[in-house]
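For reference, the structure is listed below as structure tokens.
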Amino acid sequence: MDYFLELFLSGLTRGSIYALIALGYTMVYGIIQLINFAHGEIYMIGAFVALVVSGVLTIYGFSGVSILILAALIAIIYSAAYGYTLEKIAYRPLRGAPRLSPLISAIGMSLFLQNYVLLAQTADFLPFPELVPEFEFMEPIAHIMGSAELIILITSAITMIGLTLLIKYTRIGKAMRATQQDMVMARLTGINVDRVISVTFIIGSVLAAIAGVLVGSYIGQINYFIGFMAGVKAFTAAVLGGIGNIPGAALGGLVLGLAEAMAAGYISSAYEDVFAFGVLVLILILRPSGLLGKAVKQKV
Amino acid sequence: MAMISYLKSCLIAAIWFVFLTFPLMVVKVNTLKNTVEWRWMNMLWVAIGAFILSAVWRWAMERRARGASQKEQESSDSDKKPSLGERLLEDPKLYRPLLGLVVALALLMPWVSEMYQVTIWVFALIYVVLGLGLNITVGLAGLLDLGYVAFFGVGAYTYAILNTRFGLDFWICLPIGGLTGALVGVLLGFPILRLRGDYLAIVTLGFGSIAKIVYENWEGVFNGARGIEKIARPGFFGMEMDISAATTFTYYLMLVMVVFTIFVTNRLKDSRIGRAWMALREDEIACVAMGVDMARTKLGAYALGAFWAGLVGVIFASQTTYINPASFDFMLSAIVLSMVVLGGMGSIVGVVIAALVLNLLPEYLRAFEDYRMLVFGAVMVLMMLFRPQGLVSNVRKTYTHSKKVHAEEANG
């Protein structure tokens, strides 16, 4: 029973990370129908910036929680800046181009960012400092759930609730929903669509940065290539939940994380990644609209 | 005044990029020894580089916007002058001597250079065939395949296993490798036929990664991460060859392969299925409405693309005599894709040139090698922005009619 609970909680933790990244994919796809291939790289850059900042702060004698907060804040600012710049350089000029063009541009950007970090920093795995302290009250259940896992679950829950509120009740959230429904009409009603798209990229990048910082302190090491796998899996989660659908992305992330943890725990951990891809292929064949998505008829 | 605002915006861009790159380019922290390295020189380079690049960027963007409006005007005039590149491709007087020169150089190459050079060229030619194969799937049929390396791996492993376990000869394995590749292509293509372009990309990416994981973990068949060694080089009627002779032989074999591939793709392009591919690429719904069998056409594109990959996979395995899963990762798919993008989707000449340039440049400019993938990524973005049709754009056959004849017919 303990083993099952451990798997369940690690699946939930993993799933909430996938969900955080998947939200970025789904929001961008909902608005401009583009798979933002470089989104995983934004997550990776967030983790790297957090690593660099926390390393520097440790040397200059800061302590525990203040490092965590500062590192997370700076990582979020930088990821947002990268996301914004990425959209402006690689996607905005291609609006209205054939569908394949922005996709190839996104793949190019992904390669570029990966190798930029590789050249600027290093190809090796870097140890990520333990930013989350061990809580005393977690002692009795420490064999099932660590403090880092608790922090991840709480942070992602808060973030997702915040995002829902933002989209539901704020002005920019309303504009985002309008743009998602009909871009031309939104523009006619005076919404600055370009700004809405920029904001969408920034929000997605902020979520990815949060995921990056959390995952770094959870797994304990990062390198320039972590964004690739995480990106593909998060995309799987987004498709699983129904791409373009925000609660769907969260659900898809959790389902994928749980399924993966169970498969790794009970079947074989070597084929963990195969399993995620298998889920993606099956979903696309059997129910391309995803768990919560509505089937959209293509109009001519 | 305009100049000052221009410089000001470039300056702002430079400051922005200094800010962006600061934590990654300037700071390098060693968390084990607790030391920080501040690389201030990098900051200066970024500032200068970003300033110049943003100036170029602005100029290019303006030019692009002007070009778009100019094109609209031009399309109303039916005749425009062909550029030098187009003339070089279309006028037999110009391209025949050039072609002859290229063929002569290619044939003489192994006799005037060292074995090391020949080996480099063998790999470059392998990439040429891979590029041409992917060009069928991506360029002609418009199916973005990010797992192309899987088929290459299938071919290589087919030969490696058949040769080391069952002692089958290279010449028997060559077609088997190609056909296995095509078969796997059809098997993988079948379930994903209904998917739209961008979903297809991610699923093929998944297949490519699955293939690699399977090679790594299935010890019994693929020998795991250790790979398979002692694969035989191609023989020629039982002739004994040392390494350098075998390399030369493989080089000529690859030359034949390249010519064969060019011939086949060129014929395919103007065939019934080739035209169906291009129609499918341009507009799927309209194409299906015109009565094109979508499933057969798409599977055909998959199978043919995969066939070439399987074929050169066999040659690759025989050339290196050792393969392991690391040779078949996503980077290879990305490199081949960037060749197709750079060369111009659907354009044979373009893909051949791009494949040669992208492979030989890093070999001869060693300093460039570290930056290889960085440049490939940038190339893909820049090509999409400024020249989506590629270096040598694919000239499609068009029927011309002169307005005069038309008018007379109307009168008569």
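Chain identifiers are assigned alphabetically (A, B, ...) following the order of the sequence lines, protein sequences preceding nucleic acid strands; residue numbering begins at 1 within each chain. What you see below is based on every heavy atom in this structure, not just the backbone, and it leaves out hydrogens, waters and symmetry mates.
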Rounded distance [0.5 Å steps], [atom1] in [X] versus [atom2] in [Y]:
{"X": "B:Leu374", "Y": "A:Leu119", "atom1": "CG", "atom2": "CG", "result": "6.0 Å"}
{"X": "B:Phe330", "Y": "A:Leu111", "atom1": "CZ", "atom2": "CG", "result": "6.0 Å"}
{"X": "B:Met331", "Y": "A:Gln114", "atom1": "CE", "atom2": "CD", "result": "4.5 Å"}
{"X": "A:Asn115", "Y": "B:Asp370", "atom1": "CG", "atom2": "CG", "result": "10.0 Å"}
{"X": "B:Met345", "Y": "A:Leu100", "atom1": "CE", "atom2": "CG", "result": "5.0 Å"}

Give, as side chain, backbone, both or neither, the part of [X] having an atom under 4.5 angstrom from any heavy atom of chain A.
{"X": "B:Met383", "result": "neither"}
{"X": "B:Ser338", "result": "neither"}
{"X": "B:Trp218", "result": "both"}
{"X": "B:Arg372", "result": "neither"}
{"X": "B:Leu382", "result": "neither"}
{"X": "B:Val341", "result": "side chain"}

Contacting moiety of [X], where chain B heavy atoms sit under 4.5 Å:
{"X": "A:Leu113", "result": "neither"}
{"X": "A:Phe37", "result": "side chain"}
{"X": "A:Ile74", "result": "neither"}
{"X": "A:Phe275", "result": "neither"}
{"X": "A:Val117", "result": "side chain"}
{"X": "A:Val53", "result": "neither"}
{"X": "A:Phe225", "result": "side chain"}

Where B:Met384 and A:Ser105 come nearest, the two heavy atoms and their spacing: CG-N, 3.9 Å
Closest-packed option against chain A by number of heavy-atom pairs under 4.5 Å, given [options]:
{"options": "B:Arg39, B:Arg64, B:Met61", "answer": "B:Arg64"}
{"options": "B:Leu146, B:Asn42, B:Val26", "answer": "B:Leu146"}
{"options": "B:Phe22, B:Tyr371, B:Phe19", "answer": "B:Phe19"}

Shorter than 4.5 Å, heavy atoms on both sides: which option in [options] has the most such pairs with chain B?
{"options": "A:Ile104, A:Val52, A:Ile35", "result": "A:Ile104"}
{"options": "A:Leu51, A:Ile59, A:Ile45, A:Leu118", "result": "A:Ile59"}
{"options": "A:Ser101, A:Gly55, A:Ala90, A:Pro98", "result": "A:Ser101"}

Do other residues, nucleotides or ligands put more than 12 heavy atoms under 6.0 Å from the [atom1] atom of [X]?
{"X": "B:Trp38", "atom1": "CH2", "answer": "yes"}
{"X": "B:Phe190", "atom1": "CZ", "answer": "no"}
{"X": "B:Arg63", "atom1": "CZ", "answer": "no"}

Please determine whether side-chain contact (heavy atoms from CB on, under 4.5 Å) holds for the pair B:Val381 and A:Ile107, giving the CA-CA distance in whole Å, both sets of side-chain angles, and the decisive distance to 0.1 Å. CA-CA 8 Å; B:Val381 178; A:Ile107 296 168; over 6 Å; no
Start with the C-alpha gap between A:Phe112 and B:Phe376, add the side-chain angles, then the distance that decides, and say whether ring pair (Phe, Tyr, Trp, His ring centres under 6.0 Å) holds. CA-CA 8 Å; A:Phe112 181 85; B:Phe376 281 10; over 10 Å; no
Okay, side chain of A:Gln121, backbone of B:Leu24: is any donor-acceptor separation there less than 3.5 Å? yes
Sidechain-backbone polar pair: A:Tyr82 side chain, B:Leu20 backbone, donor-acceptor under 3.5 Å: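 Looks like yes, one N/O pair under 3.5 Å.
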Parallel, tilted or perpendicular: ring planes of A:Tyr84 versus B:Trp16, cut at 30 and 60 degrees: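 Ring orientation of A:Tyr84 relative to B:Trp16: perpendicular.
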Considering residues at least two apart in sequence or located in another chain, which fulfil the side chain to side chain donor-acceptor pair (under 3.5 Å) criterion with A:Tyr18?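 In terms of side chain to side chain donor-acceptor pair (under 3.5 Å), with neighbours along the sequence ignored, A:Tyr18 is linked to A:Glu260.
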Do A:Thr58 and B:Val29 come close enough that some side-chain heavy atom pair is under 4.5 Å? no
